[in-house]
Amino acid sequence: MRKVVKFGGSSLASAEQFKKVGDIIRADKERRFVVPSAPGKRDADDTKVTDMLYACYDLAEQGSDFKAQLQAIKERYQEIIDGLELKLSLEDEFKTIEKNFKQKAGSDYAASRGEYLNGLIMAEYLGFEFVDAAQVVLFSDDGEFDAELTNKKLQDRLEHVEFAVIPGFYGAYGDGRVKTFSRGGSDITGSLVARAVKANVYENWTDTSGFLIADPRIIYKPEGIETITYKELRELAYMGAQVFHEDAIFPVRRAGIPINIRNTNAPQDNGTWIVESTCQKSKYVITGIAGKKGFCAVNIDKDMMNSEIGFGRKVLQAFEENGISFEHVPSGIDTMTVFVHQDEFMHKEQQVVSAIHRLADPDHIEIEGDFALIAVVGRGMKSTRGTAGRIFSALAHANVNVKMIDQGSSELNIIIGVSNADFEGAIKAIYDIFVRIQI
Ligand code: ASP
């Protein structure tokens, strides 16, 4: 049995947090592979070390003096080392970093030092072997992540290692130059390590006890989600729910390894399990609600559209020609609507409209802005009658006008379009009907 445990920045922001992490790891011998982030914020006004590194490197690149900024970063680490009473010295590491900054080693190199240094401290603190991610997480020359080569390298390197720390967020090109994933990318590293060592579980430790059914900025103290499938999570993440890096799902999903999102500050909580499939019913018919504001609906009418072969393709071509991706395309007999992101579409709307006229010759086009889309997601909807009915009667009671409804045939989600102004009210009404008032 082996577990891969990834700890986010807030879990490693101070010596006090490091101690909690140490206790968690020592409490379970199966927690053998540890993936740390860089130190995050100690409180709301603090700055993440990753952001400090980017800012410091910006100065270096401009040829300005960056000593004070680098010193502030050094102090963040020293505070952790002292708090843990370690003998480790990062003096030489900082000399190398300073030299490389002067030689303009790149902002990816700069940012990666956050995880690298935290990994060194973590390895020393736990007595685990340190494995530099630059040697085992690899990118091809065009900047694409090389999943298969990485898997092989990680497998070879970790095969005979019992306990290791592998810093998150970065890897390297074949020539050794460091490259990072996008922000929050330590989640991806954890997932890659889990796949390579064939872990039983990938534990992702953060500062919340897993996912919540709805956004706590909209719903007061929403309930947590116990179990969610990869597919459900993908639907919610796509609609803006954020806790876990989206690209981190694929490596473990392929290998069938469940992910357990846990809270470093409340290790007794079970957190959320992300699984491939489950026969466990979720507590409620719905698993989660997420949504986003700022969409635009482009309504296209044409008599006899239903019998015109290729009409939809021509309309979508107009969007493609202008480099605009579409989100949803609900359609009727003589109408079709294309939902797009307003900020992307705004500047190109007239080009798109004329392209639709040229390519598809519609009778009429109307654009309506300030839409919000809400996804109500739940594997339980498939086997429960009346879910849509409950959603829409709740929305009617809350005086929310529904402008669009889209239910995929998977019956995993229902997408609802409302005006931006109704967004929060709609989410509250849906949450209440399924979670607070159970019938
Ligand atoms: N430290 C990086 C960031 O702030 C990566 C991570 O934490 O996952 O984005």
Side-chain angles (χ1 to χ4, degrees), residues 4-14 17-18 20-21 33-58 69-70 72-74 76-77 79-80 90 93 97 105-123 130-134 136-137 139 143 145 150 165-172 178-195 202-208 210-211 233 237 241-252 259-265 274:
V4 171
V5 285
K6 179 257 166 180
F7 291 88
S10 59
S11 302
L12 299 167
S14 62
Q17 290 298 90
F18 256 78
K20 291 185 194 167
V21 167
F33 301 97
V34 181
V35 176
S37 279
K41 294 183 181 195
R42 288 161 294 185
D43 53 60
D45 303 324
D46 203 8
T47 310
K48 285 174 154 203
V49 164
T50 308
D51 291 317
M52 294 170 85
L53 283 160
Y54 277 125
C56 181
Y57 184 72
D58 276 350
Q69 283 69 16
L70 197 61
I73 296 166
K74 200 169 162 188
R76 289 278 320 250
Y77 286 104
E79 200 181 294
I80 296 172
L90 294 179
E93 295 292 347
I97 292 171
S107 60
D108 277 18
Y109 165 78
S112 75
R113 296 307 86 185
E115 276 57 22
Y116 171 79
L117 296 168
N118 233 17
L120 289 177
I121 299 177
M122 179 64 91
F130 175 79
V131 175
D132 188 355
V136 282
V137 175
F139 292 83
F145 169 63
T150 297
V165 174
I166 308 106
F169 189 39
Y170 70 93
V178 167
K179 168 144 178 68
T180 60
F181 291 114
S182 57
R183 295 298 302 264
S186 297
D187 283 343
I188 306 175
T189 313
S191 185
L192 299 173
V193 175
R195 177 185 170 205
Y202 168 25
E203 289 181 349
N204 190 288
W205 292 81
T206 172
D207 51 11
T208 55
F211 300 133
L233 180 64
Q242 278 175 355
V243 176
F244 191 61
H245 197 297
E246 252 196 285
D247 294 345
I249 296 182
F250 301 106
V252 277
I259 308 166
N260 188 196
I261 310 283
R262 300 283 292 266
N263 188 349
T264 302
N265 304 317
I274 310 170

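Everything quoted here is computed from the prediction, not taken from an experiment. Counting starts at 1 for both ligands and their atoms, in listed order.
A 4.5 Å side-chain heavy-atom check between Pro39 and Lys48 finds every atom pair outside the cut-off.
When heavy-atom distances to ligand 1 are checked against 4.0 Å, the residues falling inside are Ser37, Lys48, Thr50, Glu115, Phe169, Arg183, Gly184, Gly185, Ser186, ordered by chain and number.
For Tyr109, the ring-ring contact (aromatic ring centres under 6.0 Å, His included) criterion is met by no residue, not counting sequence neighbours. Applying the side chain to side chain donor-acceptor pair (under 3.5 Å) criterion to Arg195, with sequence neighbours excluded, gives Glu148. A search for side chain to side chain donor-acceptor pair (under 3.5 Å) contacts involving Ser11 returns Thr264, not counting sequence neighbours.
Between Phe139 and Phe181, the ring planes are tilted. Angles from 30° to 60° get that label.
Taking every heavy atom of both residues into account, Val4 and Gly190 meet most closely at CG1-O, 3.6 Å.
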